[in-house]
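Worksheet for the structure shown next.
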Amino acid sequence: MELGDLLRPLLRGWTIPLLLFTVGYTLVYLPQIEKELDEGCSLLPDTHFVLYSKRVVTTQGIGPYSVEVEGERIVSVTKRSEAPKSLPGKPRVLDYGNAVIMPGLIDTHVHLNEPGRVEWEGFLTGTMAAAAGGITAVVDMPLNSRPTITTKEHLENKIKASKGKIFIDVGFWGGLVPEYAHNATVLEDLLDAGALGLKSFMCPSGINDFPATTAKDIQASLPVLAKYGRPILVHQEVVDPPADPAHLMQGEPVSNARSYQRYLNSRPISWETEAVRQLMEVAKDTRSGGVADGAHVHVVHLSDATNTLSIIKEAKAEGSSVTVETCAHYLAFAAEDIPEGATQYKCAPPIRDSRNRELLWKALLDGEIDMITSDHSPSTIDLKLLEEGDFLKAWGGISGIQFSLPATWTHGSARGMSIEQMSNWWSAAPAKLANLPRKGTLEFGKDADIVVWDPEASFVIDGHYPIYFKNKVTAYMGHKYSGKVITTFVRGRQVFEEGLHSPKINILLV
Ligand SMILES: NC(=O)NC(NC(N)=O)C(=O)[O-]
Ligand SMILES: [Zn+2]
Ligand SMILES: [Zn+2]
């Protein structure tokens with residue numbers, strides 16, 4: 001009996017009900033979701049409006065433009081010396097004068113830690129902080145949620161956990177661990193479930209259920225990533241032969257547990273350089289015609305702008321599909337300025353000296369580093385051991401998602417960075433990495449993801465400053481920055497304005 005013979009009677013019986021269901025679903029249910037998304041999801045009652053300022057970052061450069069938004073999309077970007085008139089029956093005009101209007105930031109390296117470690121962060125507080133920081137989309141790392149996201153089921157569970165709790169667009173990286181690194185089915189299921197790419201660590205991650213992968217494990221995943229045209233993001237440190245960190249000191253031994261130098265000595269540049277050397281070796285498979293042509297390798301949180309960066313530059317020049325990010329904290333802080341016991345500055349790889357910071361800025365400005373992220377990696381306050389101040393024992397991770405824009409602007413503008421350059425590093429380049437073609441620039445048809453901010457407004461992050469992420473321990477505390485966020489729009493919904501958040505918008509990028 002042919003399959004058709006089997007199906008025909010079945011289908012004949014079901015055709016009318018199926019048809020009714022489909023029509024019904026389309027006419028009734030879908031708009032209901034749209035309605036739910038729209039109901040109260042914006043501080044602005046209008047769904048058709050015009051933003052204007054003298055400094056709009058467009059693909060034609062920065063200048064006086066109006067940006068017309070209708071629904072979730074940008075419908076026009078028009079150069080004009082004056083704001084359009086706000087006339088009855090015409091879309092409302094929001095004139096932001098000399099403030100900057102630019103694409104919302106896209107932070108492709110955040111740890112929101114939900115489900116499972118909501119006491120560390122969570123979708124609600126993490127995305128509130130992001131919206132307040134002018135960030136309109138994040139891509140969440142597969143750790144430090146519990147379970148870590150290494151299978152399709154884990155990802156589906158995480159997506160469910162995010163429902164009703166997010167203020168901006170959220171996407172997800174899947175995790176690559178040794179157990180599944182050579183299992184194409186598991187990896188394809190994860191990508192089919194919506195993971196925007198994969199993430200792996202070449203050293204212990206600090207989370208037991210996210211073990212380190214070798215370069216060979218990473219190499220095994222590349223053909224699957226090539227099939228999907230997706231990246232793998234890699235934490236680029238390999239540990240010298242395992243031993244007590246105290247024995248790994250480079251330079252003169254430092255006994256004081258509260259000394260930042262002791263921590264810095266324990267994670268030498270050689271850890272990054274060796275990891276990237278191994279990684280760039282396997283990244284050769286991504287070259288045109290290679291076995292993994294179409295896959296992409298992305299080095300996260302580069303801290304060393306010397307030996308490590310030169311290997312990455314060489315790999316790019318030889319045709320490997322490679323990009324590299326650095327983080328706002330490596331650009332904002334220097335080892336010499338980190339006080340004894342100040343474990344809020346602990347991250348891995350570590351913040352290095354001011355000479356290296358200048359080299360990171362030079363590499364960014366020279367186009368050798370492709371983008372910037374926050375690597376917002378909070379924990380509970382107790383895990384930071386602020387009293388004890390023991391850098392080796394404290395949790396490694398800096399909370400900073402809300403302050404990435406002002407920190408980048410303050411330190412970058414002092415080094416000749418333009419607003420357009422900052423916009424490229426924080427929006428267009430991350431949109432490309434995460435394969436989000438409708439995001440990253442202000443153009444016709446793109447998502448209306450917009451941040452309006454004032455480069456000349458300065459503020460001190462002190463005990464009174466409204467911090468929205470869950471545990472208010474941050475390396476940015478006590479510092480003064482310029483570049484204040486005025487308002488943030490996500491797909492046309494005003495989600496933040498001067499300290500006010502709209503109800504959740506519950507949108508996902510998967
Ligand atoms: N498990 C983590 O969140 N680790 C993170 N911690 C840092 N960067 O200190 C990271 O990105 O490696
Ligand atoms: Zn990392
Ligand atoms: Zn991270």
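Heads up: numbering here begins at 1 and tracks the sequence. When a ligand or atom number is given, it counts from 1 through the structure's own listing order.
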Does [X] come within less than 4.0 Å of ligand 1, judged by its heavy atoms?
X	value
Trp120	no
Phe210	no
Gly206	no

Under a 4.0 Å heavy-atom limit, does [X] contact ligand 1 with its side chain, its backbone, both, or neither?
X	answer
Met141	neither
Leu143	side chain
Asn144	side chain
His301	side chain

Taking [atom] as the reference point, the nearest protein heavy atom with its distance:
atom	answer
atom 3 (O) of ligand 1	Ser377 OG, 2.8 Å
atom 6 (N) of ligand 1	Gly396 O, 3.1 Å
atom 12 (O) of ligand 1	His235 ND1, 2.9 Å
atom 9 (O) of ligand 1	Ala348 N, 2.7 Å

In terms of heavy-atom contacts, does [atom1] of [X] have more than 12 from other residues, nucleotides or ligands at under 6.0 Å?
X	atom1	result
Lys446	NZ	yes
Asp462	CG	yes
Arg355	CZ	no
Lys152	NZ	no

Using a strict 4.0 Å cut-off to heavy atoms of [X], name the atoms of ligand 1 that fall inside it.
X	result
Ser205	1 (N)
His109	11 (O)
Cys347	9 (O)
Asp375	7 (C), 8 (N), 10 (C), 11 (O)
Phe201	4 (N), 10 (C), 12 (O)

Exercise for review: May I ask you to test the Glu114-Ser145 pair for a side-chain heavy-atom distance under 4.5 Å?
Suggested key: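 No, every pair of side-chain atoms sits at 4.5 Å or beyond.
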Exercise for review: May I ask you to test the Pro455-Trp409 pair for a side-chain heavy-atom distance under 4.5 Å?
Suggested key: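 Pro455 vs Trp409: side chains touch.
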Exercise for review: Please confirm whether Trp395 comes within less than 3.5 Å of ligand 1 when only nitrogen or oxygen atoms on both sides are compared.
Suggested key: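 Such a contact does not occur with ligand 1.
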Check your understanding: Should the ring pair Tyr476 and Phe403 be called parallel, tilted or perpendicular, given that the plane angle runs from 0 to 90° and is split at 30 and 60?
Key ->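 Correct class here is tilted.
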Practice item. Might you work through the side chain to side chain contact (heavy atoms under 4.5 Å, CB included) test for Trp426 and Leu405, ending with a clear yes or no? Key: CA-CA 9 Å; Trp426 270 109; Leu405 190 161; over 6 Å; no
Exercise for review: Please confirm whether the backbone N or O of Thr286 pairs with a side-chain atom of Ser321, one donor and one acceptor, at under 3.5 Å?
Suggested key: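 Not at all, since once roles are kept as given, no pair shorter than 3.5 Å links the two residues.
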Check your understanding: Does Arg117 make a cation-pi contact with Trp120, if we ask for NZ or CZ under 6.0 Å from the ring centre and within 45° of the axis?
Key ->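 Arg117 over Trp120 ring: yes.
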**Study point:** Contact list for residues 354-382, test ring pair (Phe, Tyr, Trp, His ring centres under 6.0 Å), sequence neighbours left out
**Key:**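 Residue pairs passing ring pair (Phe, Tyr, Trp, His ring centres under 6.0 Å), neighbours aside: His376-Phe469.
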Point to revise | Working for side chain to side chain contact (heavy atoms under 4.5 Å, CB included), residues Met280 and Glu314 | key: CA-CA 9 Å; Met280 292 303 109; Glu314 199 182 315; over 6 Å; no
Check your understanding: Looking at His109, His111, Lys158, which hits side chain to side chain donor-acceptor pair (under 3.5 Å) with Asp140?
Key ->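 Single side chain to side chain donor-acceptor pair (under 3.5 Å) partner of Asp140 among His109, His111, Lys158: Lys158.
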Exercise for review: I would like to know whether Ser303 and Glu272 meet side chain to side chain contact (heavy atoms under 4.5 Å, CB included); could you show each step before the answer?
Suggested key: CA-CA 8 Å; Ser303 87; Glu272 277 190 81; 2.4 Å; yes
Check your understanding: Which residues and atoms, protein N, O or S only, are under 2.8 Å from the Zn ion (ligand 3)?
Key ->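 Those protein N, O or S atoms (cut-off: under 2.8 Å from the Zn ion (ligand 3)) are His109 NE2, His111 NE2, Asp375 OD1.
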